[in-house]
2 protein chains.
Amino acid sequence: MANKQASITTIATHLGLAVSTVSRALSDHANIREDTKERVRQMAIKLNYQPNHLAAGLRKGHSGILGVVVPHISGYFFPTVMHGIEKMASKAGFHVMLCQSNEDVKQERANLKMLMNAQVEGILISMSSTTHDYQHFEKVQNKGIPLVFFDRMPDLPTTNAVVLDDHQGAFGVVKHLVEQGCKRIAFFSGPQHLNINKNRFEGYVDALESFGLLLDPELVFQLPNLSKAAGAEGMNQFLQLDSPPDAVFSSYDMPAVGALEVLQERNIRVPQDIALSGFSNEPFTTLISPRLTSVEQRGELMGEAAVRLFLQMHKRTDNYSPQRIMLKPQIEVRGSSLRNLL
Amino acid sequence: MANKQASITTIATHLGLAVSTVSRALSDHANIREDTKERVRQMAIKLNYQPNHLAAGLRKGHSGILGVVVPHISGYFFPTVMHGIEKMASKAGFHVMLCQSNEDVKQERANLKMLMNAQVEGILISMSSTTHDYQHFEKVQNKGIPLVFFDRMPDLPTTNAVVLDDHQGAFGVVKHLVEQGCKRIAFFSGPQHLNINKNRFEGYVDALESFGLLLDPELVFQLPNLSKAAGAEGMNQFLQLDSPPDAVFSSYDMPAVGALEVLQERNIRVPQDIALSGFSNEPFTTLISPRLTSVEQRGELMGEAAVRLFLQMHKRTDNYSPQRIMLKPQIEVRGSSLRNLL
DNA sequence: TTGAAAGCGCTAACAT
DNA sequence: ATGTTAGCGCTTTCAA
């Protein structure tokens, strides 16, 4: 029962007007008589006219589309960021085109290419974890398409990005643990080539130094992945040490749960014997017992800020000095690390 | 440093060929000499040519874009579905354009309009909870644009949809609870105008009847929202009854956690005194203690199936008889409801 | 205030 | 095997 698509031309013919007049009437151009506008609007409704963005975009030279590439649409963090992006973008009149790289550089490259073909006016991207060279990013920038990274970014002088201050987040957690009387603070670390993990680790190291604690390599566990099992493995390893830690700070929440389960099985008290903290503030942190101390990543804010940065770059096409926006993390102290309950 | 966009015309001029030849060469048309193709390809690379999808779409009369509308990009379920959608759509060569309605009909209408303007070739949508009239859906269908609902759908004869068999899921949970020896099974119900909640409730009711249990209205609590607090409220209400339930089945996971916390505070044992089940199988169900029995919703599968259904409809533009795909739920039995541990 | 006409980049008849 | 040409639906000079 498909109606034939009504176009501006259709309206024009029906009304005995020129297409240009109709076009202007529809975009509320000043030099069109009000009654003409009204007639056009009525006819548009009558014919169920829908503007064709493709045609308008082609003619005007911009598509009104904003491209987004995430490593994956799952878990808690990325959807939250996307929520912020979509909200802000649609408010600014942009359509969001979404891709996932599945943590694979090849797909990431394909995604960027495809988005450029779709004539997006900008791309917001969080790098895949397998991305080590950045030529595909340069290609985008060379085309003059604003490229904004969020959360995961390459460390280049040309990088525009919105990131969490992971260093400060990690530093703050360690500070808190020290205040709770912890002296041997262990660390679960993620893959170091991602800026976020590097910064979390450095925040941990710097905090130890600041508070006069030694960095013991035995107390740093490289997570093979970000699962509960990985955390359990790390925890078991720590417990075999001659002098086990009195706190474990995990770069991610899920491994912290793995650690917690190991501790509960062995009847080691949390936080009294070993305090625990994660990072990301996933919703489940408040559902487990004890509740898990963690660092809020401000995903929605991050998404909004990324769009805002894009909008800035979009305005000034002249040479624009790269900008990095650092969001302040917020440490959510909960039962897993809070010893002084009074 | 923005390169001037190279077009097919640019390539043609550089090579002294006609645009049509270049166009054909690039799409690997049979009637073009191999060496010509090669020259064109080389020049395309040299000039850093990127095809313009807008132009191609306009000319060919289809955009290669698939529109998706979700109530919100947050929580666990919708991102999971989107993951499946994006995966499948990109495999089929479609770009995904994403909107959220924020559970607001007005925004939902605006989203559909916008997607139609963007000339999407189909729309996958999960209805907002405030949608009660369906005219905007009919508009889409009248334009001949395939419209596929997932999870939340209007009950119309024209509805194409992929949904979970919520009735069967709920029935199965009650059956399991009965098998665990529960006799007074209470229910947390969601807003009844959404098909999913209606079906879950009916599954509960039908199961009670099947197993010879009476439906006691006192044991049905209408959730004011889907929060932990709502579940706690319902649980407290049940506990004040003269004869409280020995099982609570919540239409959603989060309220079940609220109920669990109330029970733990009062030292009521789960599952021995009161068994508990949720619905949705959110990741946190395996992180809390006891682990929460729940119903897996197959989000990724649902997304994939929705795209597949769209692809079917897309092929046959002739009159297509509406199809509804029912995904089989899977009941994940866990500690919160498992009494016979041997 | 309105109209005529060109053209965005591409594809697809229809030539040759 | 390649070229010529028209046109997708829209915006925007330029002209009236």
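Below, read A as the first sequence line, B as the second, and so on, with proteins coming before strands; counting in each chain starts at 1. Remember, it's a predicted structure, so these values are computed and weren't measured experimentally.
- Taking atom CG of B:Asn31 as the reference point, atom C1' of C:dC14 lies 14 Å away to the nearest angstrom.
- Side-chain contact of B:His314 with B:Glu121: a donor-acceptor pair under 3.5 Å is present, judged by distance alone.
- Judged by distance alone, the side chains of B:Gln107 and B:Ser101 never bring a donor and an acceptor atom under 3.5 Å apart.
- Relative orientation of the A:His132 and A:His193 rings is tilted, given thresholds of 30° and 60° on the angle between their planes.
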Protein proximity profile, nucleotides 7-16 of chain D - base contact B, sugar-phosphate-only contact S, no contact -, cut-off 4.0 Å on heavy atoms: BBBBBBB---
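- Relative orientation of the B:Tyr134 and B:Phe137 rings is parallel, given thresholds of 30° and 60° on the angle between their planes.
- Computed from coordinates, the B:Arg39 CZ to D:dT2 C1' distance equals 12 Å when rounded to whole Å.
- Here the side chain of A:Glu300 pairs no donor or acceptor atom with the backbone of A:Val81 at under 3.5 angstrom.
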